Novice: 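Can you read through this structure? Questions will come right after.
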Amino acid sequence: MELNHQQKIAAEHEGGHVLVLAGAGTGKTRTIIARAAFLIHKGVAPNRILLLTFTRRAAKEMMNRLEQVIRGEVSQLMAGTFHHFCLYAMRRMSKQFDVEGATIIDRDDQIQLMKLIRGGYRKKGEQFPKAAELTNLYSYARNTLQPIQEYMDAYSEYEEDITGRICKITKDYDQRKKLNNYLDFDDILFRFAKRLHEDPSIRERMRGLYDHILVDEMQDTNPLQWLILDGLRDPARLFCVGDDAQSIYAFRGADFRNVHSFTKRIPESVVLRLEKNYRSTQGILDLSNWLLRASSLNYNKNLAAFRKTKSTPKLLGFDSDFDEARWITEDIIERHETGSPWNDHMIITRTGYGARAVESFMVEKKIPYRFIGGTSLLQAAHVKDLFSLVRASSNHHDELAWARYLTLWPGIGDVTASRIITKMKKHASFNDAFEALSKSLPKKNDLLKGIHIVVENRSSPEAAIQEAARFLARVVEQKYNRWDLRKRDFELLVRLAGRHKSLAAFLETYTLDPISAASAERLEDDDIVTLTTAHSAKGTEAVVCYLIRVEPGMYPHIRSVGVQEQEEEERRILYVAITRAKDELIMTRTYRRGGALRFLNSAVAGYGSEEDVYLLQDIDKDLVEEDIIGFNKGGFDDYEMIKPWDRG
DNA sequence: GAAGCGTTATACTAT
DNA sequence: ATAACGCTTC
């Protein structure tokens, strides 16, 4: 594997803990892979190496590349996200970690559970934080290791009375999770970290598992994750790679002290740098450098291109997102017809919502694509219906699953469902609970048949999903319009289930690693266009990148406006997006205010100032080629003139 | 009292 | 598209 001097020094470092500061496109992934290969060649057994990545997609990709480099078996090397690793480790010692039979719940389930509890604390007609907001607050506090009370006192603007109730709600929430044997995403990290630090025998055992821990995207790790790394190191050596200019997960508690204070926390560590950019042309990097220089923070970054070609980024204006989407899809088709593979193109969006127009044009023009980020297949209502049946069939303590499944049936609402669940909870065995259920039902009901069908087929995930889907289709098809479209998702799930050994494994895999409908359909198809959020684009690259909706209200996103640290994070998000491009960077924007921008001037709570803030407002004119395409030409200067459009 | 329907509000990023 | 909420019906 070919490495430059700096990469080689990092990959072959022989001392203790290392932090590698690597700018965008400087071969971060390459260096981590080279590090793993170096260690293995040196005689370190693959199962003594732990590789922690930000997504499982990244882990999979790195493992594939590593396999090619060392031309040998690397499956013994543990690679995955912090969540996967912690869950895997806890399952291996499930008694000690008390995770036997636990159900992993995703964010939607968390919110659902929170909603049940919230009802008991909200006074009628009162403005009270929504379940999603409560979940966010609690999750943030846990990931940053703050007691919820302290966090609320320090940062929230809620009144004392509300704060107090929020704290009580989180206690109830914890208790409710325990009753249901649920583990939410935060529990996975939290429980592991807690036991790791509290129980010396567990700590010794865990520390004995690995000699080397490689960590990707270090700038986006949070205090809780640091606690985990800190508990696992010595004798294991940390090899952490990151870039503070690409820190874009502060909302999830990411703490760049994990990068900035690395040597302070581990005095015997060294910091190495990767500085040569191999990905992009100098024109793209000039824009990136400008963006960071325009900040009040000192990022101390100046990316220099290894490549000699220079291409100037474009900034194209459109009348509406509709025109923007049409132009982009036509441009991609034209490039494809003249020999570029679909693969070469990536479309990057700030929000899932902002990509709607593009997505519909992709479908209409039949461009093969996958959407990474955004709403996943599992969040679709009908898929949740199906999963609730499957979950309910395997665990009578799964309150959320039972509540959803029971209320699918006519005559059963929240209250009745809740009553039935309480009755079932009293029984230890599934059969007794099932007996109690049959007695609780007002009359003979097909409801029980659904449970039977899954139980009978549970040894084969494929058959179980197939039969469950067939059964459920009759129950819910009236509930949804365009059922034929939704039904296709069921067929997809049957195929996916066939790849797993057990129903539980199937469910868990897609809970921890949500899969979007568009990407799932294209599992075997490699030459496709990638449509992705800026967040999910991190760590990837493409020959031609289209950044859509690069306009006020999106960069920075409207909800960040007015909070300096958040606006600064938006700069980094744009930085990440821009630096994905290899040869060509095409930024597009719209001038019509629609979608999220409709709220720009409204006084909706939680939204920032009315002033327009725009990261490219004062851009050097020679950094980009600007053009206006579309029926009503406008530019930065006559932006004010466009405003009356809003009202139209 | 509970179920279910119709209307209105909301829409960022994610393991 | 879906969640949240209030209102009507059983």
Side-chain angles (χ1 to χ4, degrees), chain A residues 52-59 80-87 104-108 110-112 115 118-119 122 124-125 128 130-133 135-136 139-140 143 183-189 217 220-222 224-225 247-254 348-356 372-376 379-382 384 407 409-419 442 479-482 486 510-514 516 532-538 549 553-561 566 569-570 572-574 576-577 594-599 602 604-607:
Chain A
L52 294 172
T53 57
F54 202 69
T55 62
R56 213 159 56 157
R57 192 159 45 91
T81 63
F82 277 83
H83 290 83
H84 281 115
F85 161 67
C86 292
L87 188 60
I104 308 300
I105 58 167
D106 65 7
R107 225 189 93 84
D108 282 334
Q110 284 183 60
I111 292 170
Q112 216 58 40
K115 209 185 293 173
R118 175 181 181 262
R122 177 173 172 265
K124 210 172 171 322
F128 194 79
K130 297 266 159 65
E133 168 75 357
T135 310
N136 283 343
S139 176
Y140 187 87
N143 277 286
L183 279 182
D184 67 24
F185 288 160
D186 302 328
D187 291 325
I188 295 173
L189 301 187
E217 308 286 5
D220 283 320
T221 54
N222 60 39
L224 180 53
Q225 289 167 323
S247 173
I248 57 175
Y249 280 89
F251 68 92
R252 227 173 71 179
I348 303 175
T349 176
R350 173 67 182 80
T351 71
Y353 193 71
R356 275 162 170 258
I372 300 174
T375 309
S376 79
Q379 285 166 302
H382 57 294
K384 283 203 213 159
T407 50
W409 298 86
I412 301 179
D414 296 344
V415 181
T416 309
S418 170
R419 256 185 223 138
K479 200 173 122 186
Y480 302 106
N481 43 16
R482 306 220 286 165
R486 291 182 184 251
Y510 295 105
T511 307
L512 276 176
D513 194 17
S516 79
T532 172
T533 60
H535 283 82
S536 297
K538 199 177 63 160
R549 306 292 296 272
M554 280 294 192
Y555 294 97
H557 190 270
I558 184 67
R559 289 188 74 160
S560 316
V561 174
Q566 285 181 32
E569 178 146 309
E570 297 290 313
R572 295 190 295 263
I573 294 170
L574 183 55
V576 166
L597 295 189
R598 246 183 308 128
F599 297 99
S602 71
V604 177
Y607 286 85

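Chain letters run A, B, ... following the sequence lines, proteins first, then strands; residues in each count from 1. Predicted, not measured: the structure shown is a model, and the values here were computed from it.
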Novice: Have A:Arg350 and A:His557 got a donor and an acceptor in their side chains that come within less than 3.5 Å?
Specialist: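 No pair is found: no donor N or O on one side chain lies under 3.5 Å from an acceptor on the other.
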Novice: Residues two or more places apart in sequence or in another chain: which of them pass salt bridge (charged side-chain N to carboxylate O under 4.0 Å, His left out) with A:Lys479?
Specialist: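 Salt bridge (charged side-chain N to carboxylate O under 4.0 Å, His left out) list for A:Lys479, sorted by chain: A:Asp385.
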Novice: Answer with base, sugar-phosphate or nothing: what part of the nucleic acid does A:Phe82 contact at a heavy-atom distance below 4.0 Å?
Specialist: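 Answer is nothing: A:Phe82 stays at 4.0 Å or more from every strand.
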Novice: Among the candidates B:dA11, B:dA14, B:dC12, find the nucleotide nearest to the side-chain atoms of A:Tyr353.
Specialist: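 Nearest to the side chain of A:Tyr353 among the choices is B:dA11.
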Novice: A:His535 and side chain to side chain contact (heavy atoms under 4.5 Å, CB included): which partner among A:Thr349, A:Thr351, A:Val576, A:Ile573?
Specialist: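 With A:His535 as partner, A:Thr349, A:Thr351, A:Val576, A:Ile573 yield a single side chain to side chain contact (heavy atoms under 4.5 Å, CB included), made by A:Ile573.
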Novice: With the criterion set at under 5.5 Å between ring centres and under 30 degrees between planes, would B:dC12 be stacked on A:His557?
Specialist: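 Taking the rule of under 5.5 Å and under 30°, the ring of A:His557 does stack on B:dC12.
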Novice: Looking at A:Arg118, does any N or O in its side chain come under 4.0 Å of the phosphate oxygens OP1/OP2 on C:dA4?
Specialist: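 Checking A:Arg118 against C:dA4: no side-chain N or O falls below 4.0 Å of OP1 or OP2.
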Novice: Round to the nearest Å and state the distance from A:Tyr480 atom OH to C:dT2 atom C1'.
Specialist: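 Rounded to the whole Å, the gap is 10 Å.
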Novice: Under 4.0 Å between any heavy atoms, over every strand shown, what does A:Arg107 touch: base, sugar-phosphate, or nothing? Just pick one.
Specialist: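 Counting heavy atoms under 4.0 Å across all strands, the contact made by A:Arg107 includes a base.
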Novice: In terms of the angle between their ring planes, are A:Tyr249 and A:Phe54 parallel, tilted or perpendicular, with boundaries placed at 30° and 60°?
Specialist: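 Rings of A:Tyr249 and A:Phe54: tilted, as their planes differ by 30° to 60°.
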Novice: Using a cut-off of strictly less than 4.0 Å, decide whether A:Thr533 has a side-chain nitrogen or oxygen near OP1 or OP2 of B:dA14.
Specialist: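 It does, given that an N or O in the side chain of A:Thr533 lies less than 4.0 Å from OP1 or OP2 of B:dA14.
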Novice: State whether the aromatic ring of A:Tyr249 stacks on the base of B:dT13, taking stacking to mean ring centres under 5.5 Å apart and ring planes under 30° to each other.
Specialist: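 Base of B:dT13: not stacked against A:Tyr249.
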Novice: Taking 4.0 Å as the cut-off, does a side-chain nitrogen or oxygen of A:Lys130 come that near to OP1 or OP2 on C:dA4?
Specialist: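 Checking C:dA4 against A:Lys130, no side-chain N or O comes under 4.0 Å of OP1 or OP2.
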Novice: From C-beta outward on A:Lys115, which listed nucleotide comes closest to its side chain: C:dA4, B:dA14, C:dT2?
Specialist: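 Of all the options, the side chain of A:Lys115 is nearest to C:dA4.
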Novice: When you check the phosphate oxygens OP1 and OP2 of B:dC12, does a side-chain N or O of A:Arg559 lie under 4.0 Å from one of them?
Specialist: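 Yes, such a contact exists.
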Novice: Please tabulate the protein-to-nucleotide N/O contacts below 3.5 Å involving nucleotides 2-6 of chain B, giving atom names and distances.
Specialist:
{"residue": "B:dA2", "atom": "OP1", "partner": "A:Arg419", "partner atom": "NH2", "Å": "2.5"}
{"residue": "B:dA2", "atom": "O3'", "partner": "A:Thr416", "partner atom": "OG1", "Å": "3.4"}
{"residue": "B:dA3", "atom": "OP1", "partner": "A:Gly413", "partner atom": "N", "Å": "2.9"}
{"residue": "B:dA3", "atom": "OP1", "partner": "A:Thr416", "partner atom": "N", "Å": "3.4"}
{"residue": "B:dA3", "atom": "OP1", "partner": "A:Thr416", "partner atom": "OG1", "Å": "2.0"}
{"residue": "B:dA3", "atom": "OP2", "partner": "A:Val415", "partner atom": "N", "Å": "3.2"}
{"residue": "B:dG4", "atom": "OP1", "partner": "A:Gly411", "partner atom": "N", "Å": "2.5"}

Novice: Within the structure, does a side-chain N or O atom of A:Arg122 lie under 4.0 Å from either OP1 or OP2 of C:dC5?
Specialist: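 Answer yes for this pair, as a side-chain N or O of A:Arg122 is under 4.0 Å from OP1 or OP2.
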Novice: Name the residue from A:Asn136, A:Thr511, A:Thr135 that meets the side chain to side chain donor-acceptor pair (under 3.5 Å) definition with A:Arg107.
Specialist: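 Only one option passes, and that is A:Asn136.
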Novice: Rounded to the Å, how far apart are A:Arg572 CZ and B:dT13 P?
Specialist: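 The answer, rounded to whole Å, is 18 Å.
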Novice: Would you mind reading off the distance between A:Asn136 atom CG and B:dA11 atom P, rounded to a whole angstrom?
Specialist: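 Nearest whole value for this atom pair: 12 Å.
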